[in-house]
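Below is one structure, written out as structure tokens; the observations come after it.
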Protein chains: 2
Amino acid sequence: MRNMSDIIEQYLKQMIAESKNEVVEIKRAQIAEKFDCVPSQLNYVIKTRFTNELGYIVESKRGGGGYIRITKIETHKKADYLEHLLNLIGDGLSQTNAMHIIQSMYDAEVISFREAKIIDTVIARETLMIGLPKRDIVRAQILRNIIEVILYEE
Amino acid sequence: MRNMSDIIEQYLKQMIAESKNEVVEIKRAQIAEKFDCVPSQLNYVIKTRFTNELGYIVESKRGGGGYIRITKIETHKKADYLEHLLNLIGDGLSQTNAMHIIQSMYDAEVISFREAKIIDTVIARETLMIGLPKRDIVRAQILRNIIEVILYEE
DNA sequence: ACAATCTTGACTAATTTTAATCAAATAAGT
DNA sequence: ACTTATTTGATTAAAATTAGTCAAGATTGT
């Protein structure tokens, strides 16, 4: 790791990853001490690496018993969204509907463009060389499983 | 070896060759010191010998802990590799063989870890709820199509 | 001699680190 | 309760640490 800010960033992200609810709560001075840097460096790291843009909410309190709390929200939202999609998919799924769902996932930035293309290909009727009604059932099963992979990663 | 730029070029290429992932990461000032030249000479060498044209990607960061990272990308090799995999896949494909291919693709850095997991899921017999021998045929078809998506992108 | 390439250094830009000062919340003393 | 002191985070600005650009001068090849 190249510099102190990166190290602290990694440390905090690790804490969030290990946490139950995508949250970490720290005492600024304590972390500064741990990494042997000035306290305000924590503010710098937070301001440059835990922005709202990147899906973090930062709350803090001063005074005795003060703290800084960093919450990662995007994953929650994404999880909710993916759960929603899972509910949407019934026993069967047409190619058109599947493609709409894939497009939606791409728009929601849950999957990359390449992943979208891969999944599109997988659920195409030309790829699944099976007759109806079985084809729609397999397609639903495939997409459900893919969503679960994304949902339960990390 | 006639001049400093050539020497530095050779040095960097040597580093890349010895590296695990066709990457070298340097500190500009440090290399300049090592070869007793001005730092900006590194920029010259990189600009003239590690161009995108020649298959290199250069990334950098300034400030404390800054760096210059040069990555060699072997697009041709990857294409050859993927073609090879396509030839490998016959009319049918067992889950075990498919998983080996997926692992290989991940090792070759042709797919990401997440993509590997997605594809693993898709080709699992639990996902493809079809009986043999049809299942192996569909699996082969799916993997072939996925590889083609990756092969013919961009 | 001419053209292309290389070397050098001054200046610029980005990023990180550090310190000083400010503001808010709590704790303590009266 | 009220005032004061202490603790703790926020903000800002300065300094330090890198890398990038550009252009003038030097060297080399033809």
Side-chain angles (χ1 to χ4, degrees), chain A residues 1-16 19 21-73, chain B residues 1-16 19 21-73:
Chain A
M1 205 59 51
R2 324 173 208 309
N3 57 49
M4 195 47 59
S5 290
D6 284 343
I7 292 169
I8 295 170
E9 174 192 2
Q10 280 315 112
Y11 175 77
L12 293 176
K13 287 190 171 166
Q14 181 68 27
M15 297 291 281
I16 291 173
S19 75
N21 287 41
E22 307 289 298
V23 182
V24 65
E25 191 170 306
I26 59 169
K27 296 189 90 57
R28 190 179 76 153
Q30 184 185 306
I31 302 294
E33 168 110 24
K34 180 184 180 76
F35 290 101
D36 194 30
C37 67
V38 295
S40 61
Q41 181 139 17
L42 269 295
N43 297 94
Y44 174 72
V45 171
I46 287 164
K47 189 172 267 173
T48 54
R49 293 154 161 83
F50 293 88
T51 63
N52 212 302
E53 271 280 287
L54 296 170
Y56 294 93
I57 286 178
V58 180
E59 300 155 287
S60 62
K61 206 174 77 172
R62 307 182 187 189
Y67 60 85
I68 300 176
R69 179 166 51 229
I70 306 172
T71 311
K72 178 131 178 66
I73 44 166
Chain B
M1 202 117 351
R2 307 187 291 312
N3 56 47
M4 193 52 39
S5 290
D6 284 343
I7 292 169
I8 294 170
E9 174 192 1
Q10 281 315 112
Y11 175 77
L12 293 176
K13 288 189 170 165
Q14 181 68 27
M15 297 290 281
I16 292 172
S19 75
N21 288 38
E22 304 290 295
V23 182
V24 65
E25 190 170 307
I26 59 168
K27 295 187 94 56
R28 189 179 77 155
Q30 185 185 304
I31 301 295
E33 168 111 25
K34 181 183 179 78
F35 291 101
D36 194 31
C37 66
V38 293
S40 62
Q41 180 137 18
L42 269 295
N43 296 94
Y44 175 73
V45 172
I46 287 164
K47 189 172 268 171
T48 54
R49 293 153 161 85
F50 294 88
T51 63
N52 213 301
E53 274 279 288
L54 296 169
Y56 294 93
I57 287 176
V58 180
E59 300 156 288
S60 63
K61 203 172 87 171
R62 307 182 190 190
Y67 60 85
I68 299 176
R69 179 166 50 230
I70 306 172
T71 310
K72 176 122 180 78
I73 43 172

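These numbers were taken from a predicted model, which means no experiment stands behind them. Sequence lines set the chain letters: A, B, ... in the order given, protein chains first and strands last, and positions in each chain run from 1.
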request  = Give the rounded distance in Å between these two atoms: CZ of A:R49 and P of C:dT15.
outcome  = 10 Å

key: Candidate pair B:F35 and B:Q41, rule side-chain contact (heavy atoms from CB on, under 4.5 Å), full reasoning   = CA-CA 10 Å; B:F35 291 101; B:Q41 180 137 18; over 6 Å; no

task = Select one nucleotide: of C:dT7, D:dA19, D:dT8, the one nearest the side-chain heavy atoms of A:R62.
result = D:dT8

ask   = Hey, is the side chain of B:R69 poking within less than 4.0 Å of OP1 or OP2 on D:dA19, counting only N and O atoms?
value = no

message = How many whole angstroms separate atom OH of B:Y44 from atom C1' of D:dA24?
response = 15 Å

remark   = Atom CD of A:E33 and atom P of D:dT7 are separated, to the nearest Å, by 15 Å

key: Atom pair distance, as rounded to whole Å: CD1 in B:I8 and P in C:dT8   = 9 Å

task = By nearest nucleotide on DNA chain C, pick out whichever of A:S40 and B:K61 is the more 5' one.
result = B:K61

message = Check the phosphate of D:dT18 against B:S60, side-chain N and O only, distance under 4.0 Å to OP1 or OP2. Yes or no?
response = no

message = Within a 6.0 Å radius of atom CD on B:E59, are there more than 12 heavy atoms belonging to other residues, nucleotides or ligands?
response = yes

inquiry  = With a 4.0 Å limit, can you tell me whether B:Q41 has a side-chain N or O closer than that to the phosphate oxygens OP1/OP2 of C:dT8?
reply    = yes

query = Reckon B:I68 touches a base, only the sugar-phosphate, or nothing at all at heavy-atom distances under 4.0 Å?
reply = sugar-phosphate

inquiry  = So A:G66, base contact, sugar-phosphate only, or nothing? Heavy-atom distance under 4.0 Å.
reply    = sugar-phosphate

note = Walking DNA chain C from its 5' end, the first of B:M4 and A:R28 to be reached, judged by nearest nucleotide, is B:M4

ask   = To the nearest angstrom, how far is A:N43 atom CG from C:dT17 atom P?
value = 14 Å

ask   = So which nucleotide from C:dT17, C:dA25, C:dC6 ends up closest to the side chain of B:N3?
value = C:dC6

message = Looking at A:F50, I'd like to know if the NZ or CZ of A:K72 sits under 6.0 Å from its six-membered ring centre while staying within 45 degrees of the ring's axis.
response = no

request  = Among the candidates D:dT11, C:dT16, C:dT15, find the nucleotide nearest to the side-chain atoms of A:K47.
outcome  = D:dT11

key: Length of the CG-C1' vector between A:D6 and D:dT17, whole Å   = 14 Å

task = Could you check how far NZ of B:K27 sits from P of C:dT16, rounded to whole Å?
result = 12 Å

query = Roughly, in whole Å, what's the span from CD1 in B:I31 to P in C:dT7?
reply = 16 Å

